[in-house]
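Below is one structure, written out as structure tokens; comments come after it.
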Amino acid sequence: MRNPLSDTVVKIKPSGIRKFFDIVSEMEDALSLGVGEPDFDTPWHIRDEGIYSLEKGRTFYTSNSGLKELRTEIANYMKRTQDITYDANKEIVVTVGGSEAIDIALRAMINPGEEVLIPQPSFVSYEPCTILAGAVPVIIELKAENEFRLTAEELQNAITEKTKVLIIPFPNNPTGAIMEKEELQAIADIVEERDLFIISDEIYAELTYKGSHVSIASLPGMRDRTVLINGFSKAYAMTGWRLGYACAPEAIMEQMTKIHQFAIMCAPTTSQYAAIEAIKNGDEDVAQMRESYNQRRRFLMHAFREMNLECFEPFGAFYVFPCIKEFGMTSEEFASRFLAEEKVAVVPGTAFGDCGEGYLRISYAYSLDNLKIAIDKLKNFVERLRNEKTS
Amino acid sequence: MRGEILTVIEKNSRIDISELAVMLGAEEAKVASELAAMEAEGVICGYHTMIDWEKTAMEKVTALIEVRIAPQRGQGYDKIAERIYKYPEVDSVYLISGGYDLMVTLEGKSLKAVASFVNNKLATLDGVLSTATHFILKKYKDHGTVMTKKYTDTREMITP
């Protein structure tokens with residue numbers, strides 16, 4: 001029999017998270033700080049709209065790009081939060097999570113051999129989706145001393161004549177880093193000068209704890225070079241509904257919608273009805289959840305300071321990214337031993353790129369009570385390691 | 001700052017002041033003085049414990065009583081409300097818009113004890129025109145807390 005597989009797919013590395021997941025799921029009564037989704041239930045008024053839509057029998061396909069009312073609300077949201085104008089008819093597509101939007105944006109923009117700049121540590125799908133689109137991923141390794149923000153110099157150094165797209169993943173999973181307006185402006189200047197395009201993954205936009213999130217698409221000239229990706233998962237605690245969206249200039253959106261139409265048809269109808277309620281009436285829920293996350297974030301930063309664990313202060317998403325280089329082991333060794341000895345799961349930084357070596361992703365999408373127990377265990381573990389080192 | 005403090009302690013009154021200060025990103029001394037001030041001003045009226053008595057061996061009966069009253073000249077409803085709320089077995093007294101005037105909640109050791117209070121004390125007060133007593137059969141949710149089920153984390157252990 002011939003080899004039934006695609007060489008391109010076979011060559012893609014399996015997710016580093018998957019490997020760890022398999023170990024954890026074998027373990028009983030392990031605590032986890034390893035999730036990438038909110039601990040809150042979807043607010044009831046949003047769930048109720050989903051249920052109501054089912055009761056009314058709204059169980060059919062929607063138009064390819066999504067319910068008109070939802071696209072209109074997304075356009076309103078972009079106008080009121082970022083002052084960017086998008087045409088709800090031609091410049092917005094509702095997708096199956098932000099993940100689909102990343103995939104179709106790359107596929108719509110890239111020709112074989114062109115280069116996509118991917119700052120890392122970052123979400124696990126940019127690199128494989130780039131490869132699947134036939135392009136060449138070029139990694140920009142972000143640095144702890146810059147609080148894992150992308151600098152103009154780092155960008156400048158990574159650009160070649162083949163570079164076409166830059167991915168901007170802020171607020172960032174796994175580091176929790178954000179980028180503020182001036183820093184984005186410096187990036188935008190280079191993007192303009194070197195005639196690049198941007199995929200800006202802003203799925204954590206609402207979870208920003210220092211001022212309000214600024215989208216690079218809101219800077220002069222950038223709207224027409226940017227595919228802006230957002231969704232409902234993180235802001236409204238709706239991960240399982242699988243609903244995201246992309247906003248892009250018409251020429252790009254037309255092609256993205258084509259892929260979406262053939263590959264997906266349309267995003268889940270029930271989720272779309274629920275999402276209309278979320279985006280229209282969910283601001284207060286978002287504010288409450290953001291405040292809870294922020295309190296936990298402060299709690300963790302305080303705990304790290306107390307145990308002398310090096311960690312820059314992150315202002316976005318729901319992750320902290322402490323440095324464990326002092327212990328002289330790899331992230332994976334640290335995470336494995338921590339799991340084996342204290343039964344707490346964290347994700348090694350390397351799951352998000354090689355430059356995550358020496359770091360851990362710790363999620364604070366857990367109740368404060370849970371965090372306290374887990375952090376006590378981390379404290380024990382860290383003390384034990386330090387004692388081992390000195391003895 | 002006050003709003004933030006209250007939002008946290010309304011859900012968790014047992015939280016340490018130092019921990020509260022960390023969560024709010026504020027000085028511990030400042031949080032302590034705000035708390036003391038709010039206690040002095042009566043913004044914070046007490047720190048109580050929520051108990052699901054059904055899960056204990058102790059018998060408790062809760063009743064909601066609708067009370068219609070004739071307001072008194074010059075004092076409106078306040079005087080009679082005061083006469084009612086001074087009874088220690090009365091949990092809460094609200095002046096209500098609609099078909100009746102006061103909503104009184106009451107906790108007693110037994111149906112008999114509650115009935116006796118209503119018949120002998122409440123209904124016989126001057127100015128009370130009528131009462132209607134509703135016994136609570138089951139508490140699903142109280143003070144924002146669902147009593148019937150416990151939160152369980154059903155998420156996958158590790159996700160990207």
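Chain letters run A, B, ... following the sequence lines, proteins first, then strands; residues in each count from 1.
Surrounding CG of B:D126 are at most 12 heavy atoms belonging to other residues, nucleotides or ligands under 6.0 Å away. No more than 12 heavy atoms of other residues, nucleotides or ligands lie within 6.0 Å of CD in B:E10, so this atom counts as exposed by the packing criterion. The number of heavy-atom neighbours closer than 6.0 Å to CZ of B:R68, taken from other residues, nucleotides and ligands shown, is 12 or below. Heavy-atom neighbours of A:K379 NZ from other residues, nucleotides or ligands within 6.0 Å: at or below the threshold of 12. A 6.0 Å sphere centred on NZ of A:K372 holds more than 12 heavy atoms belonging to other residues, nucleotides or ligands. Heavy atoms from other residues, nucleotides or ligands lying under 6.0 Å from CZ of A:R242 number more than 12. For CG of A:D354, the number of neighbouring non-hydrogen atoms (other residues, nucleotides, ligands) closer than 6.0 Å is 12 at most.
Separation of atoms CD (A:Q295) and OG1 (B:T7) is listed at 8.0 Å; rounding is to 0.5 Å. Here NE2 of A:H302 is found 9.0 Å from CD of B:E19. Values are rounded to the nearest 0.5 Å.
Looking at A:V35, the atoms closer than 4.5 Å to chain B (heavy atoms on both sides) sit in the backbone and in the side chain alike. Proximity to chain B is limited to the side chain of A:R361, based on heavy atoms less than 4.5 angstrom apart. Residue A:E291 touches chain B through its side chain alone, counting heavy-atom pairs closer than 4.5 Å. Proximity to chain B is limited to the side chain of A:L368, based on heavy atoms less than 4.5 angstrom apart. Contact of A:Y319 with chain B is made through the side chain alone, with heavy-atom distances under 4.5 Å. Both the backbone and the side chain of A:A30 come within less than 4.5 Å of a heavy atom of chain B.
At a heavy-atom separation below 4.5 angstrom, chain A is approached by no residue within residues 33-65 of chain B. Using a 4.5 Å heavy-atom cut-off against chain A, the contacting residues of residues 153-160 of chain B are B:D153, B:R155, B:E156, B:M157, B:I158, B:T159, B:P160.
Considering only heavy-atom pairs separated by less than 4.5 Å from chain B, the leading option among A:V347, A:D39, A:V124 is A:D39.
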